[in-house]
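Basis for what follows: all heavy atoms, side chains included, without hydrogens, waters or symmetry-related copies. Keep in mind the model is a prediction, meaning the values are calculated, not measured. Residue numbering restarts at 1 for every chain, and letters A, B, ... go by the order of the sequence lines.
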Amino acid sequence: MAKLEQLKAMGINPFPYRFQRDSNTRQALDNFDQLVEKQAVLTMAGRIMTVRVMGKAAFFHFQDEFGPLQGYVKKDIIGEQLWTLFGLLDIGDIVGLTGTLFTTRTGEKTLNVSRFELLTKSLHPLPEKYHGLTDKEARYRQRYADLIVNPEVRETFRLRSKIIAAIREHLGREGFMEVETPILQPLYGGGSAEPFTTRHNKLDMNLYLRIADELYLKRLIVGGFDKVWEFCKDFRNEGMDRLHNPEFSMIELYQAYADYTDIMAMFENLLRSVVTTVFGKTEIVYEGNRIDFGPPFKRISMLDAIVAHGGPDLSDFDYDRAVKLAKDDGIDTTGLMIHGKVVEAFFEKYAEPQLISPTFIIDFPRDVSPLAKVHRANPKLVERFEVFIGGMECGNAFSELNDPIDQKQRFLDQGKVAEAGDVEAHRLDEDFIMALSYGMPPTGGLGFGIDRLVMLLTDSHSIRDVIFFPQMRPE
RNA sequence: GGGGGUGUAGCUCAGUGGUAGAGCAUCUGCCUUUUAAGCAGGUGGUCGAUGGUUCGAUCCCAUCCACCCUCACCA
């Protein structure tokens, strides 16, 4: 603060308006030898991160978006006035620097500064230079400080951006149209979850923040668009843990005239393409496990997967027997009111944690999949798959149910589940039934969580590490 | 919701039933190739909050708050 007054007294604006750069730290380092040879004069800008003053000269590190570079100022070169100004700078200040490149005695590539100016005065000290900012709470609450001092955090979010760009590019190449549908919905649907409720004053009605956009995208398929997708922010009013944030990102896509096997092939290609585009190879490491997107993904039915991982055979669809087996196995059967839920419980216990390599789990119980089409070979099942990678569920897809009569019945069945106490059961959406009754072509659809995909591809343990501003309680 | 853990200076962390400590940052002085620069000196604290025990609590006890890990719940 005292320095701020001194600067003003010297006629220096601590918060000037703009600065013209012609280079950055990456260009300087990438073309270092040439630039040294030409004695090229570069102008760049960045934040001061460290300072080492030695009498009448000083070394410092500054960093821009691309990383750090050392700078060198010498009183003889920059003159009395700038040397005084340099003394008034702090770690954290943002400066514009002009100079030539050289290598120091200890071999570090350095900008020999001939001119500089203060671009923004920092009024709050940066976290410690050696340990950085390690307190997780502080890092989430003050992500800006986290980003300044922790380069790996910047890298994670840079990758997030690249991953999303690669997905968008791939879907564009495949002929999918990106669309936008309502976030505020009069009726929530398309998933099993509790919603956030909000209120429209003029309409005097409750609205819900969407838990999914599935039912709207299908309306667009009815309307005649054959391949649509949306990058959707969804909201679910549920618990928070390392895999769940109340506000999260999902991509849903729908393709007319396709079934779930087409979608499986499509999604496999998409993931392989994204990983290759972003990393230049098909293999990544997640939590110590090597995961290769190159080979064809494994495919196994949910019932078979349970058996294959040491669980019971539940293919007789006998609810009472399944519940008894579950109880004997120590599974908490509270809330497992239908056969499909018991199957899922067994699956989650036996199979899910083992599914490290990309695996399609196919053919789910019908009673837990109210928007999926009945399996063409077995009426107790639906044509649905989920993708598991690194033990995490990373996507969910169906041959979409397009029979309005069946769909209505499924909603009504869900109503019974709701009456039985399941707050997450689907609600009857009459307008959606109306849309289906106009005729929706055979359609395959897919939803996949962006945050979990980014976790996987950036080897992040918590969803909070891949969301810039995760939800926190007020301090 | 259950279990475990953390909370002390701007940051990273020690520590004690008797007026609060280090390193970095910050301030003053010295130092013209340093890099966790160095040397000398100084400033900086509601010890998460509220109660209780005690002559005296940052420390012991209780309650609460926030965060982390984990289990449960939940696409």
- Message: Any donor-acceptor pair under 3.5 Å linking the side-chain atoms of Y254(A) with those of E252(A)?
- Response: yes

Which part of the nucleic acid, if any, lies within contact of [X], taking any heavy atom under 4.0 Å across all strands shown: a base, the sugar-phosphate backbone alone, or nothing?
{"X": "Q70(A)", "value": "base"}
{"X": "E108(A)", "value": "base"}
{"X": "V53(A)", "value": "base"}
{"X": "T134(A)", "value": "sugar-phosphate"}
{"X": "K136(A)", "value": "sugar-phosphate"}
{"X": "F102(A)", "value": "base"}
{"X": "F60(A)", "value": "nothing"}

Can you tell whether the side chains of [X] and [Y] come within less than 4.0 Å, N to carboxylate O?
{"X": "D64(A)", "Y": "R26(A)", "answer": "no"}
{"X": "D429(A)", "Y": "R219(A)", "answer": "yes"}
{"X": "R366(A)", "Y": "D406(A)", "answer": "yes"}

- Closest to the 5' end of RNA chain B, once A138(A) and R452(A) are matched to their nearest nucleotides, is A138(A)

- Would you kindly compare H124(A) and T110(A) by the position of their nearest RNA chain B nucleotide and give the one closer to the 5′ end? H124(A)

Looking only at N and O atoms, is any donor in the side chain of [X] or the base of [N] less than 3.5 Å from an acceptor on the other one?
{"X": "D241(A)", "N": "C73(B)", "answer": "yes"}
{"X": "H131(A)", "N": "C11(B)", "answer": "no"}
{"X": "R105(A)", "N": "U33(B)", "answer": "no"}

Roughly how far apart, to the nearest Å, are [N] and [M] at atom [atom1]?
{"N": "G15(B)", "M": "C74(B)", "atom1": "P", "result": "43 Å"}
{"N": "U16(B)", "M": "U6(B)", "atom1": "P", "result": "14 Å"}
{"N": "U43(B)", "M": "A49(B)", "atom1": "P", "result": "25 Å"}

- In whole Å, what is the span from the CD atom of Q142(A) to the P atom of A66(B)? 18 Å

- Roughly how many Å is it from NE2 in H244(A) to P in A75(B), rounded to a whole number? 8 Å

- Would you indicate, yes or no, if C65(B) has its OP1 or OP2 atom less than 4.0 angstrom from a side-chain nitrogen or oxygen of R473(A)? no

- Are any of R464(A)'s side-chain N or O atoms less than 4.0 Å away from OP1 or OP2 of C67(B)? no

- Indicate, with yes or no, if the rings of F297(A) and F267(A) have centres closer together than 6.0 Å. no

